[in-house]
2 protein chains.
Amino acid sequence: MADALAGVYSALGDTTRRGIVERLAHGELTVAEIRRPLRISAPAVSKHLRVLEHAGLVQRRRNGRHQVCVLQERPLIEAGRWIEAQTAFWSSSLDALAGYLSEEQQ
Amino acid sequence: MADALAGVYSALGDTTRRGIVERLAHGELTVAEIRRPLRISAPAVSKHLRVLEHAGLVQRRRNGRHQVCVLQERPLIEAGRWIEAQTAFWSSSLDALAGYLSEEQQ
DNA sequence: ACAACACTGAACCGAATGGTTAAGTATCGG
DNA sequence: CCGATACTTAACCATTCGGTTCAGTGTTGT
């Protein structure tokens with residue numbers, strides 16, 4: 001993917017998928033376990049997982065006839081870093097503005 | 001909006017919009033300034049800004065015939081917090097697994 | 001061997017998305 | 001007042017998205 005962050009953020013943009021990520025953060029789950037509390041068809045779950053996997057947020061492993069899904073922290077950390085970078089710029093430009101204004105006053 | 005985070009993440013899921021946010025993090029910009037380096041029509045920019053505004057990421061203020069756009073940090077911070085929470089759970093469940101495994105071994 | 005289970009793939013559907021052009025609304029400069 | 005500037009709204013278009021159903025593929029227990 002050209003823009004990895006785009007994949008991560010738009011994956012997290014769906015409430016169902018963000019719910020899946022929240023549950024996977026507490027530990028591995030099979031596809032069936034992921035599906036159980038959700039009121040959607042198995043193929044719908046499969047599609048969501050494909051999106052999460054494509055964003056790098058989830059990895060799957062076969063265990064007999066089950067697919068075990070594991071959350072990958074890396075993309076989450078990178079997404080968090082981008083956000084931190086923006087808020088850092090935001091406050092530093094506020095500081096710059098404050099400095100500018102106090103100079104103006106003198 | 002029912003789910004504020006969904007709005008924020010899906011707003012950030014678009015590369016053009018994330019670019020706008022990056023530039024706004026360095027300081028205020030008018031709509032025309034935002035548009036300049038972009039190769040899209042004015043209405044397209046207007047739509048992107050509406051999405052960002054609806055997500056709470058941008059606020060607009062009229063200044064003569066210009067609209068000045070200002071980045072809002074709050075939704076970014078909340079989005080960052082959600083991510084941090086998930087990575088925190090992720091590592092604590094890793095710790096739990098490690099603990100479980102070391103107990104098993106004995 | 002075979003039925004049940006745990007999925008995935010394909011085809012389809014309606015709604016949302018990102019883009020366009022054309023037309024409208026304010027505001028400013030002369 | 002009038003033309004130019006800075007947008008927004010409306011209508012449209014192609015693509016994507018989240019969901020469905022139906023049909024397949026492995027795997028497992030009996």
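By convention in this document, chain letters (A, B, ...) are assigned in the order of the sequence lines, proteins followed by strands, and residues within each chain are numbered from 1.
- Residues satisfying the side-chain hydrogen bond (donor to acceptor under 3.5 Å, both in side chains) criterion with B:Arg60, sequence neighbours excluded, are B:Glu53.
- For the pair A:Val51 and B:Arg62, both in contact range of DNA chain D, the more 5′-proximal nearest nucleotide belongs to B:Arg62.
- A salt bridge (Lys or Arg N to Asp or Glu O under 4.0 Å) check over residues 9-26 of chain B, counting only residues at least two apart or in different chains, returns the pairs A:Asp3-B:Arg18.
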Distances for protein N/O vs nucleotides 7-13 of chain D N/O pairs under 3.5 angstrom?
residue : atom : partner : partner atom : Å
D:dC7   : OP1  : B:Gln67 : N            : 2.9
D:dC7   : OP2  : B:Ala32 : N            : 2.6
D:dT8   : OP1  : B:Arg60 : NH1          : 2.4
D:dT8   : OP2  : B:Ser46 : OG           : 2.4
D:dT8   : O5'  : B:Ser46 : OG           : 3.4

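- Using cut-offs of 30° and 60° for the angle between ring planes, the B:Trp82 and B:Tyr9 rings count as perpendicular.
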- Task: Kindly determine whether B:Leu12 and A:Leu5 satisfy side chain to side chain contact (heavy atoms under 4.5 Å, CB included), including the steps that lead there.
- Result: CA-CA 9 Å; B:Leu12 297 179; A:Leu5 277 186; over 6 Å; no

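- Expressed to the nearest 0.5 Å, how far CD of A:Glu84 lies from CD1 of B:Ile83 amounts to 9.0 Å.
- Partners of A:Ala32 under the side-chain contact (heavy atoms from CB on, under 4.5 Å) rule, at least two apart in sequence or in another chain, are A:Thr30, A:Arg36.
- If you measure from atom CD1 of B:Ile34 to atom P of D:dA6, you get 14 Å, rounded to the nearest angstrom.
- One interatomic measurement links the two molecules: CZ of B:Arg35 to P of D:dA6, which rounds to 10 Å at whole-angstrom precision.
- Summarising the local packing, CD of B:Glu33 is surrounded by more than 12 heavy atoms from other residues, nucleotides or ligands at distances under 6.0 Å.
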Please report, to 0.1 Å, the donor-acceptor pairs under 3.5 Å made by any side chain of residues 61-78 of chain B, with sequence neighbours excluded.
residue : atom : partner : partner atom : Å
B:Arg61 : NH2  : B:Glu28 : OE1          : 2.9
B:Arg61 : NH2  : B:Glu28 : OE2          : 2.7
B:Arg62 : NE   : B:Gly64 : O            : 3.2

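- With a heavy-atom cut-off of 4.0 Å to chain A, the contacted part of DNA chain C has its first and last nucleotide at C:dA4 to C:dA11.
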